[in-house]
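Here is the structure we will look at.
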Amino acid sequence: MPELPEVETVRRGLEPVMQGARFMGVEQRRADLRFAFPEGFAGRLEGRRVVSLGRRAKYLLADLDDGMVLICHLGMSGSFRIETAGDGSLTPGIFHQARSKDDRHDHVVFDMEGPAGRARVIYNDPRRFGYMDLVARAALAEHAWFRGLGVEPTGNSLDPADLAKRLIGKTAPLKAALLDQRIIAGLGNIYVCEAMWRAELSPLKPAGRLVGKTGRPREALVRLTEAIRAVISEAIAAGGSSLRDHIRTDGTLGYFQHGFSVYDREGKACPRPGCGDTVRRIVQGGRSTFYCPRCQKN
DNA sequence: CTCACATCCTGGATGC
DNA sequence: TGCATCCAGGATGTGA
């Protein structure tokens, strides 16, 4: 599913029509996605105004004017699209026009009215691995989905010393540790593979070996931290990666997939100058890992 | 603690 | 063209 860069791209796409806008109508077309919607979901949103649209890990968070937060996770195949009349001057009538030709997987429809005019925001999710909830902002940190969530891999939040504390003594392979949302929150299969390649670290290496005896981060961990930060920020700048499901709210594609070094490149040449080896695919924990056996020996 | 594996779903790619 | 099979960006729960 969308990993952090894709979710951040969606957040930025929705912000212009959501921030400061009011839910004029909410249509919930089924009782559940991955989980059941909370009781009275649509009615509790209607009439509320979005104070701000944020993100934590792979979760979109819409803070409302009554102190509640709308939480959305896109699962593997969730996407939002925005429909307007094109000139931003939508009348309510436009919303009653025929649905798009393949609306089978449009599960939630938000009719918004705000500073930017009216917009219809539609949640589509073929596999229905996504989920939503509505909780008090004050209780968010203790919510089951957020309690124990690790550090954000963006900006200054990701610090080698802090990461060392989380990895110390871990015998799990590095790949598994980086996918563990309790350690770093927001990374998925793509960016974990890319970051390990950039840092020239083996996905099989026990994660705890990145930490020195005294508990200080080894040089490799500093390198990995920088690689994660770089790949995430570059991916956000590219609008995320569009493989199968990720699409921006305006219907355009992200283009970071063209910048992949190893992900989905099994059998192709390792792009590191002078390497000459071939990208290999192995399976760890049931998920594909792509890496260069020569660059990522240790 | 760690792992392998199944599970929730649909759709696209591939192979016969 | 059909049909079967495998695979997919996530997260959770089970049992070993």
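Throughout, a chain's letter reflects where its sequence line sits, starting with A, and its residues are numbered from 1. It should be emphasised that the depicted structure is a prediction, and the values quoted were computed from it without experimental measurement.
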The side chain of [X] is closest to which nucleotide in this list: [options]?
X         : options                  : result
Ala176(A) : dA8(C), dG10(C), dC3(B)  : dC3(B)
His105(A) : dC7(C), dT10(B), dA11(C) : dT10(B)
Ala172(A) : dT2(B), dG10(C), dG11(B) : dT2(B)

[X] [atom1] to [N] [atom2]: how many Å, rounded?
X         : N       : atom1 : atom2 : answer
Phe35(A)  : dT12(C) : CZ    : P     : 7 Å
Gln284(A) : dC5(B)  : CD    : P     : 13 Å
Arg128(A) : dT12(C) : CZ    : P     : 19 Å
Ile168(A) : dC1(B)  : CD1   : C1'   : 15 Å
Arg30(A)  : dC9(B)  : CZ    : P     : 8 Å
Leu33(A)  : dA11(C) : CG    : C1'   : 15 Å
Arg147(A) : dT12(C) : CZ    : C1'   : 14 Å
Leu167(A) : dT2(B)  : CG    : P     : 10 Å

Interatomic spacing from CD1 in Ile168(A) to CZ in Arg209(A) - rounded to 0.5 Å: 15.0 Å
Involving DNA chain C, stems made of at least three consecutive Watson-Crick or G-U pairs, both distances under 3.5 Å: B:2-8 with C:10-16, B:10-16 with C:2-8
When all nucleic acid strands are considered with a 4.0 Å heavy-atom cut-off, which category describes [X]: base, sugar-phosphate, or nothing?
X         : value
Tyr191(A) : nothing
Arg34(A)  : base
Tyr131(A) : sugar-phosphate
Pro173(A) : sugar-phosphate
Thr171(A) : sugar-phosphate
Arg182(A) : nothing
Gly285(A) : sugar-phosphate

So, is [X] close to the [N] phosphate, meaning a side-chain N or O under 4.0 Å from OP1 or OP2?
X         : N       : value
His73(A)  : dA11(C) : yes
Gln181(A) : dA11(C) : yes
Lys170(A) : dT2(B)  : yes

Any side-chain donor near an acceptor of the partner, Ser202(A) and Gln296(A), under 3.5 Å: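 No pair is found: no donor N or O on one side chain lies under 3.5 Å from an acceptor on the other.
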Between Asn124(A) and His107(A): side-chain donor-acceptor atoms closer than 3.5 Å: no
Is_stacked (Phe129(A), dG10(C)) at 5.5 Å, 30 deg: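 Stacking is present between dG10(C) and Phe129(A), given that their ring centres fall under 5.5 Å apart and the planes under 30°.
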Please determine whether a side-chain nitrogen of the Lys or Arg among [X] and [Y] lies less than 4.0 Å from a carboxylate oxygen of the Asp or Glu.
X         : Y         : answer
Glu194(A) : Arg198(A) : no
Glu6(A)   : Arg11(A)  : no
Arg272(A) : Glu200(A) : yes

Contact nearer the 5' end of DNA chain C, comparing Ala144(A) with Arg127(A):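 Upstream on the strand: Arg127(A).
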Close aromatic pair by centroid cut-off 6.0 Å: Tyr263(A) and Tyr191(A): no
Aromatic ring proximity, centroids under 6.0 angstrom, Tyr131(A) and Trp145(A):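 Ring centres of Tyr131(A) and Trp145(A) closer than 6.0 Å.
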Partner residues of Glu226(A) under the side-chain hydrogen bond (donor to acceptor under 3.5 Å, both in side chains) criterion, sequence neighbours left out: none
Whole-Å C1' distance, dC3(C) and dC8(B):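 The same atom, C1', in both gives a distance of 25 Å.
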